Amino acid sequence: MKIFLDSTDIEYITRLRPTGMIDGITTNPSLMAQSDKGFEEVLRDICTLIEGPVSAEVVVTEAGEMYRQGRYLASLADNIVVKLPCTWEGMTACRKLADENIGVNVTLCFSANQALLAAKAGAMFISPFIGRIDDTGADGMELIEEIRSVYDNYGFETEILAASIRNVEHVKNAALIGADVATLPPKIFEALIEHPLTDKGLEKFLQDWKATGQNMPIP
Ligand code: G3P
């Protein structure tokens with residue numbers, strides 16, 4: 001499963017980049033609003049740091065305007081993927097951008113039918129929002145399962161990008177179901193490595209090694 005960071009925080013992205021595991025970045029207008037820099041600068045900085053797809057969302061709702069704004073966003077860097085909302089206007093713009101080989105990430109997906117339409121419109125990614133479904137009392141993971149089945153039934157190549165991830169269980173379950181990508185807030189990415197038995201085991205290994213009195217070189 002690919003891992004994207006759901007962030008506009010350049011400091012975090014710079015810090016986590018050396019792990020070699022950041023396959024891409026997703027942004028949205030709410031995340032952009034958290035940055036003290038302008039959106040163009042943020043996008044250019046991110047695209048310099050990360051080679052993989054960087055999703056940049058349009059802020060208009062009419063198909064023609066989404067298409068034009070999408071083309072503009074795509075012109076900012078080679079790895080920009082245009083993020084469009086899952087509406088009929090968005091689907092129309094998606095088809096046009098996809099026909100020009102511009103990658104589209106269809107966002108705000110809350111049903112398997114929406115995901116079916118996005119795939120038919122040529123989306124590169126579909127972003128089901130797991131956490132926001134959980135917030136309603138339903139199970140966001142069921143949607144990931146449904147979309148996986150629909151896409152596998154018909155061989156759609158649109159990648160399932162599990163979004164609105166709120167905890168490490170979401171990540172594990174998305175991977176078990178077979179989501180292609182999970183986009184994580186940086187803190188959730190950092191938490192993936194944590195296990196108390198790892199810490200305990202490491203402490204014991206180092207203690208036992210120290211007791212031998214030997215030195216192991218660090219060339
Ligand atoms: O990128 C969109 C998505 O990940 C939003 O997450 O936590 O605001 O529902 P959240």
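One-based numbering, in listed order, for ligands and for the atoms of each. A quick note: this is a predicted structure, and the numbers were derived from the prediction, not measured.
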Polar contacts were defined as any N/O atom of the residue lying under 3.5 Å from an N/O atom of the ligand; does this apply to [X] and ligand 1?
X: T27; answer: no
X: T26; answer: no
X: R166; answer: yes

(message) Regarding E169 and K172, does a basic nitrogen lie under 4.0 Å from an acidic carboxylate oxygen?
(response) yes
For [X], atoms of ligand 1 separated by under 4.0 Å from a heavy atom:
X: F129; result: 2 (C), 3 (C), 5 (C)
X: N28; result: 1 (O), 2 (C)
X: R132; result: 5 (C), 8 (O), 9 (O), 10 (P)

Has [X] got more than 12 heavy atoms of other residues, nucleotides or ligands less than 6.0 Å from its [atom1]?
X: I193; atom1: CD1; answer: no
X: E100; atom1: CD; answer: yes
X: E62; atom1: CD; answer: yes
X: R17; atom1: CZ; answer: no

(request) If you have a sec, work out which protein heavy atom is nearest atom 4 (O) of ligand 1 and how many Å separate them, to one decimal? (result) D6 OD2, 2.6 Å
(message) Considering non-hydrogen atoms of the protein only, which is the closest contact for atom 6 (O) of ligand 1, and what is the distance?
(response) S164 CA, 3.3 Å
(message) Residue-level breakdown please: for K83 versus ligand 1, do any non-hydrogen atoms fall below 4.0 Å on the side chain, on the backbone, on both, or on neither?
(response) side chain
(request) State, to 0.1 Å, how close A191 and V168 come at their nearest heavy-atom pair, and which atoms those are. (result) CB-CG1, 3.9 Å
(request) Please tell me if the side chains of M32 and V59 come closer than 4.5 Å, counting only heavy atoms from C-beta onward. (result) no
